Amino acid sequence: MDRIKKWFPVVIFCVIIFGLTGLGLTAEERTYSSAEKRELQTMPKVKAKTIMNGKFQKKYETYLSDQFPGRDDWVQLQTFVSRLFGKTESNGVYFGKDNYLLEHYDASDFEEERMQMNIEALAEFARRAEKKADVKVMLVPTKTWVMQDKLPAFAPTYDEQSFFDALEQQFGDESSQILIPVAQVLQEHREENIYYRTDHHWTTFGAWYGYCAYVEAMSGNSGQAAKKQQALDLVCTDFYGTTYAKVRQAAQADEIYVYEPEATLEIVYNMGEKITQTLYETEYLDSEDQYRVFEGGNQAVLEISGGAENGKTLLLIKDSFANCMLPFLVEDFEKIVVVDLRQLNIGCDALMDMFAPTDVLVLYNSAQFAADRDFAMKCS
């Protein structure tokens with residue numbers, strides 16, 4: 001009996017280790033997690049170059065984590081244990097005041113060299129594009145920085161002001177004409193429902209404030225924009241977003257509001273993949289990835305026509321933060337071309353030549369822009 005007791009923990013340990021290994025080897029490789037709302041790392045290709053520079057090891061470590069059997073359940077268990085021991089952070093997420101889940105950003109998320117490279121490429125592109133079109137740039141700050149008053153006491157976070165200072169310095173005298181002060185606008189309204197509690201995106205209300213700032217920068221008159229906020233419709237009351245997906249725990253669900261333009265639109269997806277008359281894919285409201293109700297998620301190219309008959313074409317270069325602001329824009333232009341550079345093998349200058357826009361708007365989240373690995377290469 002004593003021998004059995006002695007070897008019992010070893011046997012249990014081996015069963016767990018070899019059992020998980022067996023599950024990992026036999027389980028089908030996943031490319032996307034609807035629960036975490038992100039692409040998963042697949043098995044990286046073995047190349048001498050990537051092994052020598054360490055990229056293979058880094059990707060393989062992420063692969064093991066992303067493809068871990070029962071990952072979602074383990075994430076939930078980790079959060080439960082963290083909260084049980086009184087911790088205010090789990091898996092890079094702070095449990096903030098008023099039920100806000102806030103991402104923990106640090107200097108590695110705003111890595112100096114890449115951030116500066118992207119800022120320089122953005123400024124160079126804006127100066128070239130200004131010769132052909134009216135160019136504006138809107139870089140939306142993170143929820144964590146805008147709503148620092150919601151952070152737990154003494155919680156450290158990256159000072160995003162240094163990012164915006166570097167941005168203004170790079171644009172110099174042109175900053176007031178090109179850069180839209182959306183960070184300042186959102187700071188002024190931080191007590192309102194401008195960011196989701198369980199997701200890193202701004203809400204449709206936050207996007208509306210961004211839209212008003214854009215209209216103000218373009219025409220100096222945001223009166224017409226103000227009418228659109230009154231037309232927002234509630235379409236979802238049980239939204240749990242990307243930040244929730246990292247911890248699988250939230251005290252309060254979010255609501256999703258949409259603005260349905262009055263104009264009769266034609267939206268062409270990805271150079272003819274499909275054609276619709278609405279910017280909303282309502283079937284996603286019944287899925288785990290409800291934010292994809294906006295245009296069905298990130299698309300490579302959208303061509304939207306049917307707005308104002310004013311001869312104006314907007315080229316919108318964006319990440320997912322533009323998805324819920326786009327419906328506000330469509331009635332102000334005769335045509336809008338929306339592009340996600342992460343899904344295209346084409347540069348910004350080629351897009352300018354292809355679509356000949358009268359206006360250009362670059363709209364990204366600050367953290368996503370700072371870490372983007374495609375922007376500098378495609379817009380230099």
Side-chain angles (χ1 to χ4, degrees), residues 32 34-35 37-38 138 140 193-212 214-215 224-245 253-308 314-340 342-343 361 363-365:
Y32 182 79
S34 58
K37 301 167 181 62
R38 68 179 181 88
M138 184 185 298
V140 184
N193 183 29
I194 57 173
Y195 286 92
Y196 293 110
R197 282 177 167 81
T198 68
D199 192 88
H200 72 288
H201 292 101
W202 56 1
T203 64
T204 307
F205 294 101
W208 177 78
Y209 280 119
Y211 169 69
C212 288
Y214 178 66
V215 172
Q224 187 66 27
K227 297 178 182 179
K228 297 185 178 182
Q229 188 194 33
Q230 301 167 8
L232 296 185
D233 295 319
L234 176 64
V235 296
C236 178
T237 59
D238 59 351
F239 173 49
Y240 292 93
T242 54
T243 323
Y244 161 81
D254 281 302
E255 298 176 331
I256 296 178
Y257 285 80
V258 302
Y259 171 73
E260 188 68 69
E262 294 181 1
T264 302
L265 304 174
E266 181 181 83
I267 302 107
V268 180
Y269 280 67
N270 302 320
M271 312 303 284
E273 181 181 287
K274 72 174 181 177
I275 300 175
T276 68
Q277 284 72 50
T278 177
L279 289 161
Y280 300 108
E281 301 286 341
T282 55
E283 65 269 22
Y284 285 108
L285 293 175
D286 296 321
S287 73
E288 285 194 76
D289 203 351
Q290 293 155 310
Y291 192 76
R292 293 183 71 178
V293 66
F294 298 102
E295 301 97 52
N298 294 320
Q299 307 296 328
V301 182
L302 291 178
E303 295 177 74
I304 306 166
S305 56
L314 172 67
L315 174 62
L316 176 57
I317 302 172
K318 62 88 179 179
D319 66 8
S320 59
F321 265 66
N323 293 1
C324 65
M325 184 172 134
L326 179 58
F328 294 122
L329 291 166
V330 295
E331 293 171 311
D332 299 331
F333 296 89
E334 190 162 321
K335 182 176 182 179
I336 297 182
V337 179
V338 186
V339 297
D340 189 328
R342 297 167 298 181
Q343 303 183 53
L361 174 60
L363 198 168
Y364 278 75
N365 166 247

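Just so you know, these numbers come straight off a predicted model, no measurement behind them. All residue numbers refer to positions in the sequence shown, counting from 1.
Note: L302 CG to N270 CG = 6.5 Å, rounded to the nearest 0.5 Å. Atom CG of D254 sits about 6.5 Å away from atom CZ of F239, to the nearest 0.5 Å. For the atom pair D199 CG and Y244 OH, the distance stands at 12.5 Å (nearest 0.5 Å). With values rounded to the nearest 0.5 angstrom, R292 atom CZ is found 13.5 Å from T282 atom OG1. Distance CG/L361 to CD1/I317: 9.0 Å, rounded to 0.5 Å. Rounding to the nearest 0.5 angstrom, the gap separating the OH atom in Y284 from the SG atom in C236 is 15.0 Å.
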Working for side-chain contact (heavy atoms from CB on, under 4.5 Å), residues I304 and E266: CA-CA 6 Å; I304 306 166; E266 181 181 83; over 6 Å; no
Set out, in order, the CA-CA distance, both residues' side-chain angles and the distance that settles side-chain contact (heavy atoms from CB on, under 4.5 Å) for M138 and L363, then state yes or no. CA-CA 5 Å; M138 184 185 298; L363 198 168; 4.1 Å; yes
Quick one: do T203 and W208 satisfy side-chain contact (heavy atoms from CB on, under 4.5 Å)? Show the steps, please. CA-CA 8 Å; T203 64; W208 177 78; over 6 Å; no
Go through the steps to decide whether L316 and V337 satisfy the test side-chain contact (heavy atoms from CB on, under 4.5 Å), and finish with yes or no. CA-CA 6 Å; L316 176 57; V337 179; over 6 Å; no
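Summarising the geometry of I336 relative to V330, their closest heavy-atom pair is CD1-CA, 3.6 Å, with the distance given to 0.1 Å. Listed here is the closest heavy atom pair of H200 and S320: NE2-OG, 4.4 Å. The minimum heavy-atom distance linking G307 with A263 is given by the pair CA-CB, 4.5 Å. Y240 and T198 make their closest contact through CA-OG1, 3.4 Å (heavy atoms, listed as atom of the first residue, atom of the second, distance). Across V140 and N365, no two heavy atoms sit closer than the pair O-ND2, 3.0 Å. In terms of heavy atoms, Y259 sits closest to A231 at CE1-CB, 3.8 Å.
Residues meeting the side chain to side chain donor-acceptor pair (under 3.5 Å) test with E281, sequence neighbours left out: Y269, K274. Residues passing the salt bridge (charged side-chain N to carboxylate O under 4.0 Å, His left out) test with E255: none are found, sequence neighbours excluded. In this structure, S305 has no side chain to side chain donor-acceptor pair (under 3.5 Å) partners at least two apart in sequence or on a different chain. In this structure, the side chain to side chain donor-acceptor pair (under 3.5 Å) partners of T243, at least two apart in sequence or on a different chain, are E103. Partners of V235 according to the side chain to side chain contact (heavy atoms under 4.5 Å, CB included) rule, which considers only residues two or more places apart in sequence or in another chain, are I256, V258, L285. Taking the side chain to side chain donor-acceptor pair (under 3.5 Å) definition, one finds that D319 meets it with Q368, sequence neighbours left out.
For H201 and F321, the ring centers are positioned less than 6.0 Å apart.
Residues K318 and V339 have side chains not in contact (no heavy-atom distance under 4.5 Å, counting atoms from C-beta outward). Counting heavy atoms from C-beta outward, V338 and V301 have side chains that stay 4.5 Å or more apart. Side-chain contact between Q343 and N298 is present, with at least one heavy-atom pair separated by less than 4.5 Å. Contact annotation: the side chain of E295 approaches that of L326 to within less than 4.5 Å [non-hydrogen atoms, C-beta and beyond].
Atom CD of E262 has 12 or fewer heavy atoms from other residues, nucleotides or ligands within 6.0 Å.
The closest donor-acceptor contact from the side chain of Q290 to the backbone of D286 lies at 3.5 Å or more, if one exists at all. Remark: side-chain polar atoms of E331 are not paired, donor with acceptor, to backbone N or O of F328 under 3.5 angstrom.
Only one option out of Y211, Y195, Y196, Y257 pairs with F205 in a ring pair (Phe, Tyr, Trp, His ring centres under 6.0 Å); it is Y257.
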